[in-house]
Amino acid sequence: MARLFLCLQLMSLTAICIGYEVYQAKLPNGGTTPNPCKPGTLWVGLGHMTPMGGGNRNKFATDFHDVYGEVWNVALCNADSDGDGLTNGMELGDPNCTWVEGEKI
């Protein structure tokens, strides 16, 4: 029984990690976004309140999922989801809003 429980835990962890990478691939620098709070580190939990992800989503995640249908486009790129005066594109390394999914920046 303990072995079955361990297997189920590992399977659910794998599903979480795969989902996480899927969203990273849909955004410019999705897995390599600099952490604005701690220079020299990454905010790999893009779309979450904590740098490593998990837990509550931030306004960018709400915009990405609910407003723009999980698609990086000119409108989402030009939006300023966190209200800091920089567009999402500027913060993710696509200031001209030209990035397409699958492309490296």
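Here the structure is a predicted model, which means the values were calculated and not measured. Atom set for the values below is all heavy atoms of this structure, side chains included, hydrogens, waters and symmetry mates excluded.
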With rounding to the nearest 0.5 angstrom, report the [atom1] to [atom2] distance, [X] to [Y].
| X | Y | atom1 | atom2 | result |
| --- | --- | --- | --- | --- |
| Q24 | T32 | CD | OG1 | 8.5 Å |
| K26 | F64 | NZ | CZ | 6.0 Å |
| N88 | D94 | CG | CG | 10.5 Å |
| E103 | T98 | CD | OG1 | 6.5 Å |

Item to check | Side-chain donor/acceptor of E101 to backbone N/O of L27, under 3.5 Å | outcome: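 Not a single qualifying donor-acceptor pair exists.
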Next on the checklist: Keeping N35 on the side-chain end and W43 on the backbone end, is there a donor-acceptor pair under 3.5 Å?
Outcome noted: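 It does not hold such a pair.
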State plainly whether one hydrophobic cluster holds both [X] and [Y], where clusters connect Ile, Leu, Val, Met, Phe, Trp and Tyr through side-chain heavy atoms under 4.5 angstrom apart.
| X | Y | result |
| --- | --- | --- |
| V67 | L76 | yes |
| V74 | V100 | no |
| M90 | W72 | no |

Checklist entry - Relative to each other, are the rings of H65 and Y23 parallel, tilted or perpendicular (30° and 60° limits)? => result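 Answer is perpendicular, since the angle exceeds 60°.
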Next on the checklist: For E91 versus D82, what's the shortest heavy-atom pair and its separation?
Outcome noted: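 Scanning both residues, the minimum pair turns out to be OE2-OD2, 3.2 Å.
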Checklist entry - Which heavy-atom pair separates G47 from A61 by the least distance, and what is that distance? => result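 That would be O-CB, 3.0 Å.
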Item to check | Short N-O contact, R57 and D66, less than 4.0 angstrom | outcome: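 Answer for the salt bridge query: yes.
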Item to check | Polar side chain donor-acceptor pair, S81 to D63, under 3.5 angstrom | outcome: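 Per modelled atom types, S81 and D63 side chains form a pair under 3.5 Å.
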Next on the checklist: Could you check whether W99 and N29, counting side-chain N and O atoms only, form a donor-acceptor pair closer than 3.5 Å?
Outcome noted: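 N29 vs W99: no donor-acceptor pair found between side chains.
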So, do [X] and [Y] sit near enough that their side-chain heavy atoms are less than 4.5 Å apart?
| X | Y | result |
| --- | --- | --- |
| L92 | T33 | yes |
| P51 | L42 | no |
| N58 | M49 | yes |

Checklist entry - side-chain contact (heavy atoms from CB on, under 4.5 Å) between T87 and D80: does it pass, once the steps are laid out? => result CA-CA 4 Å; T87 67; D80 178 15; 5.6 Å; no
Checklist entry - Does atom CG of N56 have more than 12 heavy-atom neighbours, drawn from other residues, nucleotides or ligands, at distances under 6.0 Å? => result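 For N56, atom CG is not crowded (no more than 12 foreign heavy atoms under 6.0 Å).
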